Structure formats: C-alpha cells, structure tokens
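Only a predicted model underlies this, so the values are computations on that prediction, with no experimental measurement involved.
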Protein chains: 2
Amino acid sequence: MSDGEKEVKRIPDATVARLPIYLRSLLELSADTLTVSSEQLADSAGVNAAKVRKDLSYLGSYGTRGVGYDVEYLQSQMRRALGLTHDWPVVIVGIGNLGAALANYGGFGDRGYPVAALVDADPDVVGTEYGGLVVQPASSLADVVREHGIGIGVITTPAAAAQDVADALIEAGVNSILNFAPTVVTVPDGVSLRKVDLAVEMQILSFYQQRRES
Amino acid sequence: MSDGEKEVKRIPDATVARLPIYLRSLLELSADTLTVSSEQLADSAGVNAAKVRKDLSYLGSYGTRGVGYDVEYLQSQMRRALGLTHDWPVVIVGIGNLGAALANYGGFGDRGYPVAALVDADPDVVGTEYGGLVVQPASSLADVVREHGIGIGVITTPAAAAQDVADALIEAGVNSILNFAPTVVTVPDGVSLRKVDLAVEMQILSFYQQRRES
DNA sequence: GGGTGTGAAAGCCTTCACAGCA
DNA sequence: TGCTGTGAAGGCTTTCACACCC
C-alpha cells in the first residue's frame with residue numbers, strides 16, 4: 001500500500017523558506033528571553049503573526065496558549081528540521097571573482113557549511129590559494145566530493161560551464177546545488193537546486209521602478 | 001475617481017520574475033532565428049509552455065497562431081517592460097569581500113546596470129579602488145546618489161548596518177534595493193526590496209537533503 | 001496542421017477569525 | 001485574560017484544454 005506508512009506532516013515549500021529567518025530571529029533574542037510570542041517573531045521576521053503560527057504548527061505544537069513559544073526548545077526543533085545538527089561540507093566550483101569572494105567569506109563555516117574544497121577548470125587558477133584552500137583541477141571533482149563527504153555544490157562558473165558542472169556534481173553524488181551562474185540549469189528529480197541570479201534581480205527591480213515612474 | 005484611468009493590464013509578480021529569464025533565452029537564440037514557439041522558449045527557460053503563453057499574454061498579443069513569436073519584436077517589448085531602454089546606475093554600499101567582488105565583476109555594466117559608486121563606513125577602506133572606482137565615505141552617500149542619478153542600491157554591509165543603510169538610501173531618493181546582508185530589512189510602500197541571503201539558501205538546501213536521507 | 005490566447009479548474013499560500021487551553 | 005492552533009475563506013499561480021486564427 002503506497003502511502004500507507006505513518007506520514008510525517010509535509011512542510012510547504014513557502015514555510016521551509018521562512019524557517020531559516022525564524023531561526024535567525026530566535027538567535028538574536030537576548031539569552032534571558034525564555035519565551036516568545038508569534039507576534040514578536042513576526043515583527044522580527046517581517047511577516048504577519050498568523051503566518052508564523054501556521055508555519056510553526058507544521059513542525060508540531062511547540063507553543064503554550066496564553067504564553068508563547070519556548071525559545072530554547074523551538075530553536076532546537078528548528079535546527080533539527082533544517083538539518084543543522086551536523087556540518088554540510090561545501091565545494092565551490094569556479095574560482096573567479098565571486099567564487100573567490102565566497103571562499104574568503106568565512107560566514108559559511110560558522111553556520112555549519114564549511115567550504116571544504118575549491119575547484120576550477122583553468123590551469124592558471126589551479127594551485128592558487130583562497131581562505132586557506134588550494135584550488136583543485138576540475139578533473140578531481142569526483143575525488144574531492146568523495147574524500148570530503150561533500151553535500152552541497154556551489155556553482156560560480158561562467159554560464160556556459162554551469163550545466164556540465166551540475167551534471168558532474170550530480171554524477172559524483174552531490175544532490176544539493178546552489179547556482180550563481182546566469183543560466184538555467186536543470187536537474188533530475190531527487191536533486192535540489194536553488195539559484196541566485198544577480199542580473200535577474202536587477203531586472204526585476206528595474207521593472208517595478210519603471211512601473212512607478214510611468 | 002481612483003482607478004478611473006485607463007488601466008494597464010497588471011502583470012503578476014510571478015510573471016515579472018520570469019521575464020528576465022525569457023529575455024535571456026531570446027538573446028541566446030541564433031541571429032537567424034526569426035520566430036520561436038512557446039514550447040521552445042519553455043524548454044530553454046525550464047518551465048512549461050502554457051506558462052510561457054500566459055506570461056507573454058500579459059505583455060500583449062505578440063504571437064502569431066500557427067507560427068510563434070517574432071523574436072526581435074518580443075525582445076524589444078520585453079526590454080521595454082523591464083526598463084532596459086536606459087541604464088540604471090548602481091551604488092554598492094559595504095566594500096568587504098562580497099562588495100569588492102561585485103565591484104570587480106563587470107557583468108553589471110554590460111547589462112545596463114553600471115556600478116557608478118562604492119561607499120563604505122570604514123576609513124581604512126575609503127580611498128581604496130575597485131574596478132576603477134574609489135571608495136567614498138558613508139557620509140557622502142546622499143551626494144553620490146544625487147550626482148550619479150543612482151536608481152538602485154546594493155547593500156553588502158554586515159547585518160548590523162543594513163537597516164540604517166537602507167534608510168539612508170531611501171532618504172537619498174533610491175527606491176530599489178538589493179540586500180545581501182543576512183538580516184531582515186523593511187522598507188516603506190513604494191520602495192522595492194529584493195534579497196539574496198546565502199545562509200538561508202544553504203539552510204533550505206540542507207532541509208531537503210535531510211528530508212531525503214531520513 | 002500548428003501554435004497562440006484564454007476561460008475554467010485545480011492547487012498552493014496567505015489571511016481571517018475564533019475555539020480552546022494555560 | 002492572553003495567545004496558540006487551525007478550519008475556512010480568499011487570493012494568487014499553475015495547469016489544462018480547446019476555440020480560434022494563420
């Protein structure tokens with residue numbers, strides 16, 4: 001009987017995308033704040049209180065009526081849901097301006113996503129060092145992934161290379177990808193893809209600006 | 001009579017966010033491709049054909065039944081909708097790793113968003129040069145905005161400074177903001193805000209990865 | 001025949017409003 | 001009394017399916 005197993009309540013995508021914001025809000029509360037209301041959380045996350053309550057209800061019922069949510073407990077449940085109970089090593093592929101900046105950034109390691117390796121196809125770039133890591137050749141991608149137990153691949157190559165890199169990452173066993181290259185990348189079912197496209201963001205902004213002016 | 005003016009058909013947000021992708025797909029077609037079908041565009045944009053047709057229908061009826069869309073004409077209509085008929089100068093505020101990388105990136109100017117100025121609050125950073133631009137002090141933000149006719153502000157400061165920078169940008173007359181700082185920034189009505197949050201993207205990926213493994 | 005344009009259906013997400021519990 | 005948890009309503013987005021035109 002398919003679907004017969006005791007089903008874990010499915011969490012909507014829109015909710016998943018907000019959990020990290022709530023978690024950050026919780027972490028910003030002073031250490032002696034023991035409970036927080038949906039309205040406080042809503043203010044600090046920039047959404048409305050009903051949405052916070054609905055979102056949190058998908059994780060289970062962790063609030064107390066008349067009181068609010070236990071900060072510590074909510075943090076730990078959220079960390080569990082987001083998989084922050086262990087590290088997720090990351091490989092950055094494509095060490096140009098952006099890739100190098102991310103390698104030097106440091107903010108990833110702190111948050112449980114240590115940059116474990118850098119890879120580039122250009123022989124002139126291979127061997128250079130950023131943030132304490134030596135850039136490896138593209139040919140060693142699969143080895144690097146295996147060796148470091150890489151869970152997430154970050155693509156910062158030019159657009160033309162992005163699909164091939166994604167295919168290689170998937171082939172090597174990575175099934176979470178963050179794509180910064182300005183092109184559409186497609187992945188099979190069972191692989192997660194998120195994208196950050198600066199040119200697209202700019203164009204969306206100028207669309208609305210344009211609208212306002214006319 | 002509010003709403004009495006001849007109303008331009010409102011374009012849904014979800015559609016606006018896809019227009020830049022379609023435009024890019026159109027630009028990638030070889031120069032001798034005169035028409036394109038919704039299905040071709042859909043393949044190259046990674047969406048389905050009905051969605052392409054609906055999206056394009058908001059711009060007007062630019063297709064020919066049995067034939068497809070005129071590539072050149074569609075490009076020009078799309079450029080017009082996205083406000084790409086003129087440049088939108090950009091200021092980058094916060095010249096750390098990421099800000100400097102964006103300043104050097106160069107891909108913005110090509111696409112109609114020239115980086116016109118760099119601003120930082122740290123006296124040690126002010127005066128240094130990236131991509132041919134000298135970093136200006138935070139105190140000169142309003143002057144810089146006025147002088148260069150800045151339309152878009154990019155925030156790459158630490159989280160703690162982001163809201164103040166946004167307020168200062170808005171005060172100076174900027175009403176499109178792209179925020180890279182890992183914090184919630186709120187803006188008044190009439191100002192557009194887009195955000196890129198790397199830590200959030202990572203956490204979303206690890207959520208789904210986690211799901212898959214359990 | 002081929003492919004657009006679009007009502008209508010279906011699905012997803014947000015918001016409301018209030019029952020229910022501490 | 002105060003605040004959570006949640007059905008129900010409403011709004012937005014996607015997808016279907018087909019009339020219509022080249």
Item to complete: For B:E39 and C:dG1, give me the distance from atom CD to atom C1', rounded to whole Å.
Response: 15 Å
Discussion item. Please determine whether a side-chain nitrogen of the Lys or Arg among B:R111 and B:D87 lies less than 4.0 Å from a carboxylate oxygen of the Asp or Glu.
Written reply: no
Discussion item. With a 4.5 Å cut-off on side-chain heavy atoms, are A:S38 and A:L41 touching?
Written reply: no
Worksheet entry | Residue pair A:V174 / A:I170, side-chain heavy-atom distance below 4.5 Å | no
Worksheet item: When you check the gap from the basic side-chain N to the acidic O, do A:R24 and B:D197 get nearer than 4.0 Å?
Response: yes
Response to the item:
When rounded to whole Å, the CG to P distance for the pair A:D43 and D:dC3 reads 13 Å
Worksheet item: Which of parallel (below 30°), tilted (30 to 60°) and perpendicular (above 60°) describes B:W88 and B:H86?
Response: tilted
Worksheet item: Quick one: B:Y22 OH to C:dT4 P, roughly how many Å, whole number?
Response: 12 Å
Worksheet item: On DNA chain C, nearest-nucleotide positions of A:T15 versus B:G60: which is more 5'?
Response: B:G60
Practice prompt. Would you mind reading off the distance between B:D13 atom CG and D:dC12 atom C1', rounded to a whole angstrom?
Written response: 9 Å
Worksheet item: Less than 4.5 Å apart, any side-chain heavy atom of A:V185 and any of A:T183?
Response: yes
Worksheet, complete the sentence: Taken in chain and number order and not counting sequence neighbours, the residues that satisfy side-chain contact (heavy atoms from CB on, under 4.5 Å) with A:A17 are B:I204
Item to complete: Measure from the side-chain heavy atoms of A:R18 and tell me the nearest of C:dT6, C:dT14, C:dG3.
Response: C:dT14
Write out a two-atom table: protein N or O, nucleotide N or O from nucleotides 20-22 of chain C, distance below 3.5 Å.
residue, atom, partner, partner atom, Å
C:dG20, N3, A:R65, NH1, 3.2

Discussion item. Using side-chain heavy atoms (C-beta onward) and a distance below 4.5 Å, is B:M202 in contact with A:R194?
Written reply: no
Worksheet item: If only side-chain N and O atoms of B:Y58 are considered, is one of them under 4.0 Å from the OP1 or OP2 phosphate oxygen of D:dT13?
Response: no
Worksheet item: Hey, does the side chain of A:S38 come within less than 4.0 Å of D:dT4's phosphate (OP1/OP2), counting only N and O?
Response: yes
Discussion item. Using OP1 and OP2 only, check whether a side-chain N or O of B:Y69 sits under 4.0 Å from D:dC22.
Written reply: no
Item to complete: From the options A:V196, A:T157, A:T156, select the one residue that forms a side chain to side chain contact (heavy atoms under 4.5 Å, CB included) with A:L98.
Response: A:T156
Fill in: Interface residues of residues 45-56 of chain B with DNA chain C (non-hydrogen, below 4.0 angstrom)
B:R53, B:K54
